[in-house]
Student: 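Next up is a structure, given as structure tokens.
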Amino acid sequence: MPNHLYRLTADQVASGIKNRDFSAQEYISQILERIEKIDLKINAFVAVDKQGAAEKARSIDKRIHDGEHTGGLAGVALGIKDNICTKGLKTTCASKMLEGYVPPYDATVIKKLKENDAIIVGKLNLDEFAMGSTTEYSKYGPTRNPWNINYVAGGSSGGSAASVAALECAMSLGSDTGGSVRCPASFCSVVGLKPTYGCVSRSGLISYSNSLEQIGPVGKTVSDVVMLMNAIAGTDENDQTTRTTAIETIPNTMSLDRIPKYRLHQNNRNIRVGLVKELVEGADPAVSKCIYSAVDLFSRSDCKCEDTSMKSIEYALASYYTIAMAEASSNLARYDNIRYGFDSNPEEYEWNTYFAKVRNNFGEEVKRRIIIGSYVLSAGYYGKYYLKAQKAREMIKQEVKSLFEKYDVLIAPTMPILPFKFGEKIDDPLKMYQIDIDTVVANLAGIPAISIPVGFSDCLPVGLQIMANEMEEQTLFDVASSFESIVDIHKSPEI
Amino acid sequence: MVEVKIGLEIHCQLTGLQSKLFCSCQCDYRGKAPNTNICPICSGLPGTLPLLNQRAVDFASMISLALGCKVPDKVMFYRKNYFYPDLPKNFQITQYNAYGITSIGVEGRVDYGIKSTKIRRVQLEEDPGRLIYDTSFYTLIDYNRAGVSLVEIVTEPDFAEPKDVRMFLNKITSIIEHLGVGDTKLDGSVRCDVNVSLEGGKRVEIKNVGSFRDVEKALGYEITRQKTMSVRDIEIKSETRHWDEARKVTKQSRAKEEEEDYRYFPEPDIPTIVLGNEFLSSLKAKMPELPDERKIRFLREYELSDHVAQVLIDNKELADFFESTVKIYSSSPNEIANWIVSDLLGFIDDSKREEGSLFSGLRIEAKHMAELVKMIDQNIINRNIAKMILGQITKTGEMPSYVLDKMNASLIDSKAIISEAIESIFNSEKSAVRDAKQNPNAANFLLGKVMQLTGGRADPKIALNLIKTKLAVLE
Amino acid sequence: MISKDEIRHLGWLSRLELTDSELDRYATQIDEIISYFDKLDNVSLTGSDPARSIKKVSELRNDNIHVFEGDPLEFSKNRKDGFVKGPRMV
Ligand SMILES: [Mg+2]
Ligand SMILES: [Zn+2]
């Protein structure tokens with residue numbers, strides 16, 4: 001038995017266990033050992049379900065031994081962002097307001113992972129309620145970047161990216177509202193996808209901004225991300241905003257390993273690539289240099305790369321934050337410490353006083369967003385901010401749509417800057433918001449976008465973002481996989 | 001006379017549904033132990049999404065059509081953001097028209113008598129949970145009701161008198177019942193907020209009047225209060241008051257809360273729903289007969305008087321009772337209708353008209369009424385006897401013929417005994433005797449007295465003959 | 001310029017009891033952020049609203065009862081006779 005099973009891609013784990021090269025229990029024990037050893041430094045996990053993982057591995061081994069059917073992800077270790085509900089497993093959004101909260105139901109994606117026999121090893125760190133770009137706003141403390149533990153891992157799905165990069169699990173789920181999967185994927189040099197809005201059920205994802213966010217897979221390779229996406233995508237009767245067209249025409253009851261919805265084939269023949277000028281030029285030179293050289297490599301194959309412009313990008317951040325904060329201010333109203341929350345006794349408090357008192361236990365960034373969200377929705381300002389933000393959103397959507405008439409994919413940096421040191425931006429919220437400029441477009445337009453590793457600058461990772469038209473995940477995977485094979489920078493950090 | 005303007009906001013639960021508005025919990029929460037009719041969605045657990053009930057959309061559209069509203073091609077839901085301990089999410093999912101018409105119905109009109117009222121809008125929304133004020137230290141919350149479908153009907157301030165409001169509410173109740181979308185007799189299934197203003201004056205809102213019967217009373221009280229104030233030149237403030245059910249007065253709401261800013265915005269978890277022509281035409285085809293149509297049919301088919309037909313259709317139970325009786329005995333619909341409207345209604349406790357079934361506690365069924373009227377038609381009994389028999393049936397549920405047989409068996413046919421009774425009545429009812437001498441019809445009054453004296457056991461035919469003979473020989 | 005009083009009022013709307021130092025800090029930061037949002041002034045209000053997801057009535061949930069197994073409030077700490085205990089109303 002090889003003693004570095006935890007280094008394997010999900011693909012390799014799934015086939016290794018299926019072919020009985022090693023057992024699920026052997027694999028999981030190495031994963032748990034790895035977490036135990038490494039996570040003190042990284043802080044990617046907020047909870048590890050050792051017992052549950054071990055039991056699941058045992059049952060998978062038994063079924064394989066007995067010749068019974070196992071799912072397409074049988075034995076693969078997965079980490080789950082702690083804003084996705086797991087029945088019987090604490091789900092806290094890294095917030096005091098959900099301290100000790102144990103959901104009585106599974107998110108739809110969790111049900112699907114369980115049906116596919118994935119092993120959920122634990123819950124992953126995030127910015128409180130997914131609000132942040134560094135995972136510094138977590139009540140559990142920040143997640144550290146596996147490439148340099150003095151640097152941020154990105155956010156808000158910091159734990160999801162760092163755990164995969166640090167080889168603590170094969171894949172993970174994050175959520176992406178304005179870049180929350182892609183940003184840490186880029187900072188940690190892994191692959192992260194934000195699917196088309198409505199492709200993956202949000203049932204069980206604790207809402208931050210409902211109209212923008214999607215659950216997204218994180219993996220070491222594009223192939224792994226495709227495999228995970230096949231497991232979680234599809235129409236869901238528990239989420240009426242899931243799409244009922246396109247991918248769902250392939251019945252999702254079919255076993256994944258036999259009929260994948262998305263396939264993996266590299267294709268860069270005659271692919272029309274638009275490089276979003278404003279975003280490349282707006283990036284840190286260290287980042288754009290990396291992007292240009294990747295594009296150079298890619299251009300040598302048969303694809304056509306050219307510069308293009310997206311004028312409406314001017315309004316993207318203002319539109320994004322206005323809408324996100326508006327929705328957040330309403331979503332977070334339910335945390336009043338009556339039905340769930342930290343220990344507190346409402347007796348003898350007048351209700352308004354009680355609510356205001358307990359709700360002050362939200363973290364600083366969350367409160368800031370609730371207040372601004374309340375402001376942009378309030379009677380006098382709805383027209384000036386919320387309504388205008390919606391109009392801007394449609395403008396961006398229209399422009400993106402017209403660009404996809406000319407290009408199959410658009411590319412840009414995932415992040416305009418390299419990972420930075422802890423505390424560097426935390427005192428300047430507006431500056432922090434501005435690093436989301438490259439990622440929010442996909443959320444506003446509802447299109448799929450993926451971040452893949454394309455290089456390093458000063459030993460810090462750089463990610464390339466590829467966007468495709470809505471429901472064109474397959475195109476995205478084709479191009480991403482070609483890039484991946486051309487650039488070929490897969491390596492793991494030394495921790 | 002100062003003109004009064006009254007407007008209504010009616011909340012009506014769609015109790016005809018199986019499940020709640022946004023989850024699969026039972027719509028029928030009544031009588032269940034606290035917090036046993038809940039799921040993650042209606043208790044507002046993190047990560048849950050509202051799952052709109054398609055039949056609730058059907059029902060609300062039917063109500064809108066019945067109230068003469070326009071139903072838009074697309075409907076949307078909004079969040080109304082405010083904190084309250086009965087709201088599991090601290091916002092209510094409802095509908096809103098300020099940014100374009102997206103509520104399920106708008107601009108309707110309801111006629112009642114010779115008057116009519118405009119309907120501003122009809123919207124679909126969720127009911128909150130229930131609060132119980134247990135002690136002064138805490139409140140008890142039961143979420144069983146949370147998420148039950150409500151239809152809110154908002155009228156223009158078109159009413160000038162409380163009795164018009166009463167007539168309108170009767171009509172609304174009858175429409176809801178005829179549509180089969182809700183049982184308005186269930187406790188708390190219809191609630192009403194009213195707003196009242198005197199000509200040119202400020203608008204006062206009275207919240208949460210728990211039953212339609214109290215609306216008229218609350219309005220009466222509030223109009224008098226405002227008129228008194230205006231006579232004394234006291235300024236009427238724009239405010240929200242509450243109806244004190246026990247003391248039958250309106251009261252100023254507690255400490256003035258800071259003005260609410262509901263920060264409405266489109267609910268992102270519920271898609272825009274396209275209704276469209278196909279939906280509407282299939283719905284129209286499914287619509288049951290409404291009170292207005294039914295009344296026209298009653299007038300045409302049964303040749304009832306306008307008044308009688310109106311009384312019947314104002315209460316679906318009564319109209320249904322009438323029609324089932326006619327189905328069994330079809331020869332005298334008019335006679336049947338009159339018996340229901342003028343006699344049977346007399347047996348119905350006034351309070352029953354509001355709460356519980358009209359017939360609850362009464363054991364009468366259509367077959368009883370049918371046989372009774374048939375016996376009258378066949379001259380087996382006269383109206384007085386029929387009335388006595390009706391009284392008996394409502395208590396025992398026995399068939400009229402059975403009641404009559406029993407009565408006959410115990411009848412006194414001894415002329416001597418009956419004469420004795422007549423003698424005594426003639427002595428005590430001197431003026432009635434004088435009347436009867438002039439007007440032979442008044443003899444029935446004397447017969448009634450005789451029947452009363454003999455405990456209903458005198459053979460009425462013999463008694464009446466004896467009375468007539470005695471009157472004839474009287475000076 | 002957004003005043004401390006405005007922030008306090010917004011805090012009240014969201015039931016957040018903010019300390020004086022929070023009010024100070026938020027007033028400055030939020031003013032800066034809102035000023036950034038002001039670039040939305042240049043967006044025309046005549047443009048169309050963003051397309052939302054659209055469903056037909058027939059695609060919505062069927063009106064069937066499904067009883068949830070388990071107690072959604074199992075972990076709520078303040079209970080009495082099945083009720084949830086909340087703060088007093090006055
Ligand atoms: Mg309402
Ligand atoms: Zn429910």
Side-chain angles (χ1 to χ4, degrees), chain B residues 17-19 22-27 33-43 45 51-58 61 74 76 81-83 85-86 90 99-100 129 131-143 254-255 258 260-261 263 266 268 270-276 279, chain C residues 2-18 23 30 34 37 40 43-90:
Chain B
L17 295 171
Q18 294 292 306
S19 63
F22 298 124
C23 66
S24 303
C25 288
Q26 233 179 306
C27 167
N35 296 311
T36 55
N37 186 44
I38 56 172
C39 72
I41 295 174
C42 58
S43 44
L45 294 194
L51 305 173
L52 181 58
N53 181 337
Q54 57 171 274
R55 213 145 75 103
V57 179
D58 286 357
S61 310
K74 286 177 186 161
M76 274 167 69
N81 293 290
Y82 65 100
F83 284 83
D86 61 4
N90 284 317
Y99 311 118
L131 299 177
I132 285 144
Y133 308 96
D134 192 51
T135 74
S136 52
F137 301 113
Y138 54 82
T139 307
L140 295 177
I141 314 168
D142 174 14
Y143 296 103
R254 296 178 309 268
E258 257 183 86
E260 280 290 3
D261 180 344
R263 291 155 291 150
I270 301 179
T272 297
I273 313 298
V274 272
L275 302 179
F279 170 79
Chain C
I2 291 179
S3 67
K4 260 172 77 170
D5 276 348
E6 263 180 286
I7 301 288
R8 200 194 315 271
H9 172 71
L10 290 166
W12 160 257
L13 275 181
S14 303
R15 298 299 184 274
L16 293 170
E17 176 193 275
L18 302 170
L23 285 173
I30 290 174
I34 292 289
F37 290 178
L40 292 170
V43 175
S44 161
L45 264 182
T46 53
S48 49
D49 282 330
R52 309 174 79 240
S53 42
I54 289 182
K55 291 272 157 85
K56 286 187 284 192
V57 180
S58 57
E59 293 177 277
L60 303 176
R61 181 174 60 83
N62 284 321
D63 182 28
N64 296 328
I65 297 170
H66 173 81
V67 176
F68 180 75
E69 282 168 39
D71 178 7
L73 302 173
E74 189 184 341
F75 296 99
S76 68
K77 285 146 194 140
N78 300 298
R79 300 289 290 266
K80 191 194 172 197
D81 305 333
F83 291 99
V84 173
K85 227 189 251 183
R88 63 189 164 85
M89 298 306 295
V90 281

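In the text below, chain A, chain B and the rest are named by the order of the sequence lines, each starting its count at 1. Remember, predicted model here, so these are calculated numbers, not experimental data.
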Student: Please indicate whether C:K4 has more than 12 foreign heavy atoms, meaning atoms of other residues, nucleotides or ligands, lying under 6.0 Å from its NZ.
Tutor: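 It does: C:K4 NZ has more than 12 such atoms within range.
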Student: Let me know if B:C23 has heavy atoms under 4.5 Å from chain C in its side chain, its backbone, both or neither.
Tutor: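 The backbone, not the side chain.
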Student: Counting only non-hydrogen atoms closer than 4.5 Å, does C:D81 touch chain B with its backbone (N, CA, C, O), its side chain (CB onward), both, or neither?
Tutor: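 The backbone, not the side chain.
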Student: Please look at B:P85 and chain C and tell me whether the side chain, the backbone, both or neither of the residue comes under 4.5 angstrom of a heavy atom of that chain.
Tutor: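 When you check distances to chain C, only side chain atoms of B:P85 fall under 4.5 Å.
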Student: Between B:S24 and C:I65 (side chain of the first, backbone of the second, donor and acceptor by atom type, cut-off under 3.5 Å), is there such a pair?
Tutor: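 Not a single qualifying donor-acceptor pair exists.
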Student: Looking at NZ of C:K56 and OG1 of B:T272, how far apart are the two atoms once the value is rounded to the nearest 0.5 Å?
Tutor: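 C:K56 atom NZ to B:T272 atom OG1 measures 15.0 Å (nearest 0.5 Å).
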Student: How close do C:R88 and B:T139 get, heavy atom to heavy atom, and via which atoms?
Tutor: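 Answer, listing the atom of C:R88 first, then B:T139: CA-OG1, 3.5 Å.
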Student: Supply the atom-to-atom distance C:D71 CG to B:T36 OG1, rounded to the nearest 0.5 angstrom.
Tutor: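 Reported to 0.5 Å precision, the distance equals 9.5 Å.
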Student: Could you look at B:D58 and say if it's the side chain, the backbone, both or neither that has a heavy atom under 4.5 Å from chain C?
Tutor: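 It is the side chain, since no backbone atom gets that close.
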Student: Roughly how far, to the nearest 0.5 Å, is OH of B:Y143 from CG of C:L73?
Tutor: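 It comes to 7.0 Å.
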Student: How long is the straight-line distance from CD of B:Q18 back to CG of C:D63, given to the nearest 0.5 Å?
Tutor: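 Going from the CG atom of C:D63 to the CD atom of B:Q18 covers 5.5 Å.
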Student: Can C:R15 and B:N90 be said to form a side-chain contact (heavy atoms from CB on, under 4.5 Å), step by step?
Tutor: CA-CA 11 Å; C:R15 298 299 184 274; B:N90 284 317; over 6 Å; no
Student: Check B:S43 against C:P72 and note the closest heavy-atom contact, atom names and distance.
Tutor: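 Result for this residue pair: OG-CB, 3.4 Å.
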Student: Is any side-chain heavy atom of C:E59 closer than 4.5 Å to a side-chain heavy atom of B:P271?
Tutor: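 Contact flag for C:E59/B:P271 side chains = no.
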Student: Is it the side chain or the backbone of B:F279 that comes within 4.5 Å of chain C heavy atoms, both, or neither?
Tutor: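 For B:F279, the contact with chain C is made by the side chain alone.
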Student: Measuring only between side-chain heavy atoms, which start at C-beta, is B:L52 closer than 4.5 Å to C:K55?
Tutor: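 A side-chain contact under 4.5 Å is absent here.
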Student: Tell me, side chain or backbone of B:V274 under 4.5 Å from chain C's heavy atoms, or both, or neither?
Tutor: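 Both backbone and side chain of B:V274 come within 4.5 Å of chain C.
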Student: Measuring from B:Y138:OH to C:K85:NZ, what's the distance to the nearest 0.5 Å?
Tutor: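 So the gap between those two atoms works out to 5.0 Å.
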Student: Between B:Q54 and C:N62, do the side chains contain an N or O donor and an N or O acceptor separated by less than 3.5 Å?
Tutor: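 Per modelled atom types, B:Q54 and C:N62 side chains form a pair under 3.5 Å.
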Student: Rounded to the nearest 0.5 Å, what separates atom NE2 in C:H9 from atom CG in B:D261?
Tutor: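 Separation between the atoms: 6.0 Å.
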Student: Quick check on B:L131 against chain C: is it the side chain, the backbone, both or neither that has a heavy atom closer than 4.5 Å?
Tutor: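 Contact with chain C involves the side chain of B:L131 alone.
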Student: Please state whether the side chain, the backbone, both or neither of B:I273 comes within less than 4.5 Å of a heavy atom of chain C.
Tutor: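 Its backbone and side chain both get close to chain C.
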Student: Mind ranking C:N78, C:V67, C:L60 by heavy-atom pairs under 4.5 Å with chain B and telling me who comes out on top?
Tutor: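 Counting heavy-atom pairs under 4.5 Å, the top option is C:L60.
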Student: Which bit of B:P266 is near chain C, if near means a heavy-atom gap under 4.5 Å: side chain, backbone, both or neither?
Tutor: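 For B:P266, backbone and side chain are both near chain C.
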Student: Any heavy-atom pair between the side chains of C:S14 and B:R263 that's under 4.5 Å?
Tutor: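 Result yes, sub-4.5 Å side-chain heavy-atom pair found.
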